[in-house]
Amino acid sequence: MSSKTFYITTPIYYPSDKLHIGHSYTTVAADAMARYKRLQGYDVMFLTGTDEHGQKIQRIAEEKGVTPKEYVDHIVAGIRELWNLLDISNDRFIRTTDKQHEEVVQKIFKKLYDQGDIYKSEYEGWYCTPCESFWTEVQIKEGACPDCGRPLELTKEESYFFKLSKYQDKLIKHIEENPDFIQPASRQNEMLNNFLRPGLEDLCVSRTTFDWGIPVSFDDKHVVYVWVDALSNYITALGYLTDNDVDYRKYWPADVHLVGKEIVRFHTIIWPAMLMALGEPLPKQIYGHGWLLLEGGKMSKSKGNVVDPVILADNYGVDAIRYFLLREVPFGADGVFSNEALINRINSDLANDLGNLVNRTNAMIQKYFKGQLPEKHQEGEYDKQLEEMALQAPKKVEGYMDSLQFSSALTEIWKLVSRTNKYIDETMPWVLAKDEAKKDRLAAVMYHLAESIRIISVLIQPFMPNTAPIIWDQMGIIKEVETPWASTKIWGKLRKDVKVNDAKAIFPRIDVEKELEALEKIHKKQIKMQQCKQPTAQKEEKQSEYITIDDFAKLDLRVAKIMHAEPVKGADKLLRLELQMGGEIRQVVSGIAKHYSPEDLLGKQVIVVANLKPVKLRGVESQGMILAASDEENLLLVGLDGEMPTGTKVS
RNA sequence: UGCGGGGUGGAAAAGCGGUAAUUCGCUGGGCUCAUAACCCAGAGAUCGCAGGUUCGAUUCCUGCCCCCGCUACCA
C-alpha cells in the first residue's frame with residue numbers, strides 16, 4: 001500500500017571522540033522527520049552512521065596503542081548506545097569500515113577512473129617529512145611546519161584527482177533550476193557566489209601518506225580520501241553496485257540529506273558532481289541547519305553547562321531533551337544551549353502547559369464522573385472554537401514539517417495546548433459540577449478536553465515518542481483506532497464514553513535554582529575526572545622522562561623588566577614587549593594580550609627564557625619567551641618575590 | 001586577518017517600506033479542576049551608531065562601532 005518512499009540521512013559522524021549534544025541535535029531532527037513520514041504512511045528509509053577512516057583516527061589509535069579498528073569500534077558502540085537512548089529510529093547504520101561499503105567505494109573509484117573522471121597526477125605542496133603532512137601556502141608559517149616548526153620541502157606527491165571542474169556549469173544550472181535543492185536559500189547563494197561561480201578546482205581524492213582507508217583497488221599505494229569514501233555512504237548503504245540493489249532502486253534519490261552548515265559545501269558541490277559522473281540522479285534536497293552553540297552568553301559559563309546528552313536524558317527524560325532541541329532553535333538558524341533554557345522550557349511548556357492540562361483533565365473526569373464519561377453530551381458555547389482550532393492544527397503542522405520547520409510545528413501544537421487550557425476557564429467545569437442538571441453539559445466539556453488532548457498526543461508523536469503512549473494510557477485512548485495520524489483531522493474519533501486511568505504528572509516541575517546547582521556539581525565532577533585521568537597517563541610517561549640537572553642548566557632564565565609594551569598589528573592575542581635585561585634590551589612577542597593591557601605591564605619584572613631560538617611571530621621577531629602560568633581561563637605572569645637587578649640568572 | 005552570522009522591551013525572538021508579533025520574566029486581577037499551575041489585563045523598545053534615498057525606514061543604500069562562530073597569531 002505504501003508506494004511512497006522517503007529517504008532521509010544524517011551525516012556520518014567522525015568517531016574520533018564522544019558525541020555531544022550538537023550531534024544529537026541533527027540526529028533527533030532527522031528522527032522526528034522520519035517518524036512523521038512513517039506516520040503519514042511513507043515507506044521510510046532513515047540512515048545514519050559513522051565515517052571511520054582517516055589520518056586523525058589512525059593517529060589517535062596509535063597514541064592509545066590500539067588498532068584504528070579497535071579504537072573506532074569502541075567509540076561507535078558508544079554512539080549506537082546514545083542513539084538508542086535518544087530513541088532514534090534509524091533503519092540502518094552504516095560504517096565506512098563495513099565490507100560492503102569498502103567494496104562499493106572501490107568499484108565507484110574504479111568506474112570513475114575507467115571513464116576518465118578520475119585521473120592520476122601530482123599534488124604539489126609543502127611537505128613536512130617528520131609529520132608526514134602536506135600544508136597549503138596559507139597554513140605554513142615562515143616556511144616552517146605549523147605543527148612541529150621544522151622546515152618544509154616543496155614536494156610532489158602522486159595523487160588521483162576527480163574532475164570536479166568538468167561539472168561546474170551543470171551544477172550551477174541544476175542549482176538555479178531547482179531552488180529547493182539547497183535549503184535554506186541563503187546557503188544556496190553562498191555556494192554559488194563563493195565557490196561555483198569563481199570556478200572549481202579538481203579535487204584530490206587519494207592519499208599515500210597514511211593507510212587507514214580504503215585501498216585504491218588498482219594501485220595499492222593509495223587510499224581513497226574522504227570525499228569519495230564518506231559521501232558515497234548514502235548509496236552504498238542501499239546496496240548500490242551490488243548484486244542486491246533493490247533498496248537503491250527503491251529509495252534513491254534521497255529526499256533530504258540533513259547536514260550541519262559546515263559541510264553544506266561538500267554535499268552541494270562535490271557529492272552532486274560525483275553522482276553526475278556516475279550517471280545517477282541527484283538527491284532532492286540538502287538541508288543545512290545551524291549550530292547548536294554550547295556556551296551562549298557569559299551566564300552559562302559561570303553556571304557551567306552539562307552538555308553530555310546522556311546525563312541530560314537521565315535527569316529530565318529523553319522526550320524533554322528531544323522537545324527542547326527541536327523547539328528552542330528555529331531550524332536553519334543557530335541556537336544556544338544552556339541548562340537554564342532547557343529547564344525553563346521544560347517547566348513552562350511541558351510541565352505547566354501540556355502535563356498540567358492532561359493532569360487536570362484526567363482529575364476532573366475522575367472527580368466528576370468516577371473516571372468514565374456518560375454517552376450523553378450537551379454541546380454548548382465555546383465548543384466550536386476549540387474544535388476548529390484543533391482541526392486546523394494538523395494541517396499547519398504538516399505544512400511546517402514538510403519544510404523541516406520543527407520549531408514552528410511544535411509552536412503550532414502548543415497553540416492548541418494553550419487554547420485547550422483556556423477552554424477550561426471559559427467553560428468553568430467546577431461550576432457545572434455543582435448543578436446536577438448540567439451533567440450533560442459537563443460531560444461535553446470533559447469530552448472536548450479529552451478529544452483535544454487526543455489530537456495533541458498524536459501530533460507530538462514524531463517529537464516525543466515516549467510521551468504520546470503515556471498520555472494514551474492515562475486518558476484511556478485506544479491506540480489502534482484513536483491514534484493514527486489521519487485521525488487528527490477528524491473531531492470526535494475518541495469514543496463518547498471514554499474511561500480514563502489513574503494518572504500522575506508526566507512532567508514534574510523542576511526547581512530551577514536547585515537543578516542548576518546540581519548540574520553544576522556534575523559538571524565539576526566531570527572536569528575533575530578528566531583531570532584525574534590525564535595526570536595518570538602523564539605520570540607514566542614522565543618517569544622515563546626525567547630531566548637531569550644538566551638538562552635544566554641548558555635553560556638560561558633571566559630576570560627582566562618590561563620597559564615598553566604594545567599590541568602587535570593584526571593579532572589580537574600578541575603583545576610586543578621590550579625588556580631590559582642586564583645591559584641589553586630584548587624584544588619578545590608574547591601571547592598575553594587577552595590578559596594584560598600594555599599599561600599594566602610597564603615596569604613589571606618577569607622571567608625570560610633568554611637562550612630560546614628567536615622566531616618571527618606575525619612578522620615580528622621574538623628573542624625569547626616570558627614565563628606565565630595559565631589554564632583555559634586565566635593567565636598570570638611569573639615574577640619574583642621582590643625586586644632583583646635585571647639580567648640576574650634564575651636557577 | 002580572512003570568511004560567515006548577528007545587534008529589536010529585563011531575557012529569547014518575529015517582522016524587513018506605512019499603528020513593533022510571540023514566548024519567558026515582571027506587576028495587578030480572576031479562578032480553584034490541576035504540577036505555587038491555569039485564565040485575563042497591564043507596564044516595559046527613540047528596532048547598535050551616523051548619514052543618505054523616500055511623502056514615510058526597524059525594514060532599502062553608504063560608512064562606522066560592537067558581539068558570536070570558523071581562521072591566523074599565543075616561543
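Computed from a predicted model, the values in this text were never measured in an experiment. Sequence lines set the chain letters: A, B, ... in the order given, protein chains first and strands last, and positions in each chain run from 1.
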Exercise for the section: Determine the interatomic distance between C1' on B:G10 and the same-named atom on B:C26; round to the nearest Å. Expected result: 8 Å
Handout entry: Rounded interatomic separation in angstrom, taking CZ from A:R576 and C1' from B:C74
Key = 17 Å
Problem - Interatomic distance, A:I346 CD1 vs B:A12 P [rounded to whole Å] - result: 20 Å
Problem - Interatomic distance, A:E340 CD vs B:A12 P [rounded to whole Å] - result: 11 Å
Practice task
Check every strand shown and say whether A:N356 touches a base, only sugar-phosphate, or nothing at a heavy-atom separation below 4.0 Å.
Solution key: base
Handout entry: Pairwise C1' distance, B:C70 and B:C47 [rounded to whole Å]
Key = 29 Å
Handout entry: Whole angstrom value for the distance that separates P of B:C31 from CG of A:L432
Key = 16 Å
Exercise for the section: Using a heavy-atom cut-off of under 4.0 Å over every strand shown, decide if A:I506 touches base, sugar-phosphate, or nothing. Expected result: base
Strictly under 3.5 Å: I want the nitrogen or oxygen pairs between protein and nucleotides 39-42 of chain B, one per line.
{"from": "B:C39", "atom 1": "O4'", "to": "A:D425", "atom 2": "OD1", "distance (Å)": "3.4"}
{"from": "B:C39", "atom 1": "O4'", "to": "A:D425", "atom 2": "OD2", "distance (Å)": "3.2"}
{"from": "B:C40", "atom 1": "OP1", "to": "A:K422", "atom 2": "NZ", "distance (Å)": "2.9"}

Exercise for the section: Identify, between A:F507 and A:R345, the residue whose nearest nucleotide on RNA chain B lies closer to the 5' end. Expected result: A:R345
Completion exercise
From CD of A:E513 across to C1' of B:G25 the rounded distance in Å is 14 Å
Completion exercise
Residue set satisfying side chain to side chain donor-acceptor pair (under 3.5 Å) with A:K422, at least two apart, ordered chain then number -> none
Exercise for the section: Using the P atoms only, state how far B:G18 lies from B:C61, rounded to an integer number of Å. Expected result: 15 Å
Practice task
Apply the test side chain to side chain donor-acceptor pair (under 3.5 Å) to residues A:Q366 and A:D502: give CA-CA distance (whole Å), side-chain angles for both, the deciding distance (0.1 Å), then the verdict.
Solution key: CA-CA 8 Å; A:Q366 303 225 31; A:D502 282 344; 3.2 Å; yes
Problem - Integer-rounded Å distance: B:C33 C1' and A:K434 NZ - result: 11 Å
Handout entry: Partners passing ring pair (Phe, Tyr, Trp, His ring centres under 6.0 Å) against A:Y447 (at least two apart in sequence or in another chain)
Key = A:H377
Practice task
Using a heavy-atom cut-off of under 4.0 Å over every strand shown, decide if A:T411 touches base, sugar-phosphate, or nothing.
Solution key: nothing
Problem - Spacing of the C1' atoms in B:G9 and B:A43 (rounded, Å) - result: 10 Å
Handout entry: Length of the line joining A:N359:CG and B:C33:C1', which is rounded to integer Å
Key = 10 Å
Exercise for the section: Taking atom P in both B:U71 and B:G56, compute the distance separating them and give it to the nearest angstrom. Expected result: 47 Å
Fill in the blank from the handout: Residues passing the ring pair (Phe, Tyr, Trp, His ring centres under 6.0 Å) test with A:Y423, sequence neighbours excluded, are A:H448
Handout entry: Interatomic distance at P, B:U53 relative to B:A14, whole Å
Key = 31 Å
Exercise for the section: Indicate yes or no for a side-chain donor-acceptor contact from A:T646 to the backbone of A:V559 under 3.5 Å, with no hydrogens or angles considered. Expected result: no
Practice task
Looking at every strand, decide which applies to A:A351 at a 4.0 Å heavy-atom threshold: base, sugar-phosphate, or nothing.
Solution key: base
Fill in the blank from the handout: Separation of B:C33 atom P from A:N352 atom CG, nearest Å, is 19 Å
Completion exercise
Sorted by chain and number, sequence neighbours left out, side chain to side chain donor-acceptor pair (under 3.5 Å) with A:E426 holds for A:R419
Handout entry: Contact check, side chains of A:L640 and A:I607, non-hydrogen atoms, under 4.5 Å
Key = yes
Exercise for the section: Please name all residues satisfying side chain to side chain donor-acceptor pair (under 3.5 Å) with A:T27, sequence neighbours left out, ordered by chain then number. Expected result: A:Y13
Problem - B:U59 versus B:G52 - spacing of their C1' atoms, nearest Å - result: 15 Å
Exercise for the section: For A:P508, answer base if it contacts any base atom (sugar-phosphate contacts may also be present), sugar-phosphate if it contacts only those atoms, and nothing otherwise; contact means non-hydrogen atoms under 4.0 Å. Expected result: base
Practice task
Could you tell me whether A:M364 contacts a base, only the sugar-phosphate backbone, or nothing, with contacts defined as non-hydrogen atoms closer than 4.0 Å?
Solution key: base
Exercise for the section: Give the dot-bracket string for RNA chain B, reading 5' to 3', where a pair is Watson-Crick or G-U wobble with both distances under 3.5 Å, ( ) marks pairs inside the strand, [ ] marks pairs crossing earlier ones, | marks a partner on another strand, and . marks unpaired. Expected result: .(((((((.[[[..)..(...]]].(((((.......))))).....[[[[[..)....]]]]])))))).....
Exercise for the section: Identify, with sequence neighbours excluded, every residue that meets ring pair (Phe, Tyr, Trp, His ring centres under 6.0 Å) alongside A:Y323. Expected result: A:W414
Exercise for the section: Decide if atom NZ of A:K439 counts as having more than 12 heavy atoms of other residues, nucleotides or ligands within a radius under 6.0 Å. Expected result: yes
Practice task
For A:E584, check side chain to side chain donor-acceptor pair (under 3.5 Å) against everything at least two apart and list the hits.
Solution key: A:R586
Handout entry: Atom P, compared across B:G25 and B:C40: separation rounded to whole Å
Key = 14 Å
